[in-house]
Amino acid sequence: GILPPNLKVEKERHLKVLEGEFLKKRTDTEEIKMRKKYRLVKFLELKKVMKEMNKLTRLKKEETDLTEAEIAAIEEQLHQLDVDYHYINHFPVGRKYISLYPKIESKDPDNDKKRQEIREQIWKSVESECIHKLRDQYRAELEKEVAVKLEAKTSKKKMCENSDAGEDIVRDDFFEI
């Protein structure tokens, strides 16, 4: 049957709300999955950074015969460690974590460039005290990626259903080579 226009509009609005909630849940799931996946790596890197920061801070306080150049070098190292600390804590949600201290060389030649770009982006946000805006931006990017994946899955299913002409089998790419 055909729905009355006002009921159709109401149902379409309700559908949009449900689609938005579904997208949010999928995004949350993706974010949680990535947090769990890289939790240990980030913890170990954070531990390494904090240990080095404490060591340099102690050295700066306890050593009285340091020259101005040595103090400046320590300050620069502390600054770099602070940038690393914020990089680890504010790395974009839902993205593959790019380690600061990789044990093996990455297969992706652009990793160093990506890491540096993200470090600079995070540090600028920390300095301007708008890290929450950057976090929201990362979250919006993740939502877009999830929406694109869902759209691709949906269109692939529709194509399979249309081509089957009556078959009730839903295909996926698990067995495709």
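We use all heavy atoms of the structure for the numbers below, so side chains are in, but hydrogens, waters and symmetry mates are not. In this text the structure is predicted, and so the values were computed from the model without any measurement.
Here the closest heavy-atom approach between residue Leu100 and residue Arg115 is recorded as CD2-CD, 3.7 Å. Of all heavy-atom pairs between Ser99 and Pro102, the closest is OG-N, 3.5 Å. The heavy-atom pair separating Leu81 from Val49 by the smallest distance is O-CG1, 3.4 Å.
With hydrophobic clusters built from ILVMFWY side chains whose heavy atoms lie under 4.5 angstrom apart, Leu44 does not share a cluster with Met34. Linking ILVMFWY side-chain heavy atoms closer than 4.5 Å, directly or via other members, places Phe22 and Leu142 in a single hydrophobic cluster.
Atoms OG1 and CE, on Thr57 and Met50 in that order, are 8.5 Å from each other to the nearest 0.5 Å. Rounded to the nearest 0.5 angstrom, Arg95 CZ and Ile98 CD1 are separated by 8.0 Å. Between Leu23 atom CG and Asp28 atom CG the span is 9.5 Å, to the nearest 0.5 Å. With rounding to the nearest 0.5 Å, the separation of CG in Asp110 from CD in Glu117 is 9.0 Å. For the atom pair CD of Glu70 and CD of Glu75, the computed distance is 13.0 Å after rounding to the nearest 0.5 Å. Going from atom CG of Leu78 over to atom CD1 of Ile71 covers 11.5 Å, rounded to the nearest 0.5 Å.
Residues Lys8 and Ile2 fail the side-chain proximity criterion, which asks for heavy atoms closer than 4.5 Å. The side-chain heavy atoms of Leu15 and Lys11, taken from C-beta on, include no pair separated by under 4.5 Å. A 4.5 Å side-chain heavy-atom check between Glu145 and Glu30 finds every atom pair outside the cut-off. Side-chain atoms of Arg135 and His90, non-hydrogen and from C-beta on, do get closer than 4.5 Å to each other. At least one side-chain heavy atom of Leu18 sits less than 4.5 Å from a side-chain heavy atom of Glu21. Residues Leu134 and Gln137 meet the side-chain proximity criterion, which asks for heavy atoms closer than 4.5 Å.
For the pair Glu31 and Arg139, the salt-bridge criterion is met [side-chain N within less than 4.0 Å of a carboxylate O]. In summary, Glu52 and Lys48 do not engage in a salt bridge, as defined by a charged side-chain N under 4.0 Å from a carboxylate O. Using a cut-off of 4.0 Å between Lys/Arg side-chain N and Asp/Glu carboxylate O, Glu141 and Lys144 are scored as not salt-bridged.
Annotation: Tyr85, atom OH; neighbour count of heavy atoms from other residues, nucleotides and ligands within 6.0 Å does not exceed 12.
Under the side-chain contact (heavy atoms from CB on, under 4.5 Å) rule, Val126 has a single partner from Asp82, Asn89, Ile131, which is Ile131.
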>> side-chain contact (heavy atoms from CB on, under 4.5 Å), that's the test. Do Lys42 and Leu46 meet it? Break it down for me.
In response: CA-CA 6 Å; Lys42 290 172 87 173; Leu46 194 61; over 6 Å; no

> Can you list the steps and then say if Glu10 with Arg13 is a salt bridge (charged side-chain N to carboxylate O under 4.0 Å, His left out)?
Replying inline: CA-CA 5 Å; Glu10 183 182 320; Arg13 285 182 185 155; over 6 Å; no

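Under the ring pair (Phe, Tyr, Trp, His ring centres under 6.0 Å) criterion, the residue pairs touching residues 92-125 are His79-Trp123, His86-Trp123, Tyr87-Tyr97, Phe91-Tyr97, with sequence neighbours excluded.
Between the side chains of Gln121 and Tyr138, at least one donor-acceptor pair of N or O atoms lies under 3.5 Å.
In this structure, the side chain of Gln80 does not engage the main chain of Gln77 through any donor-acceptor pair within 3.5 Å.
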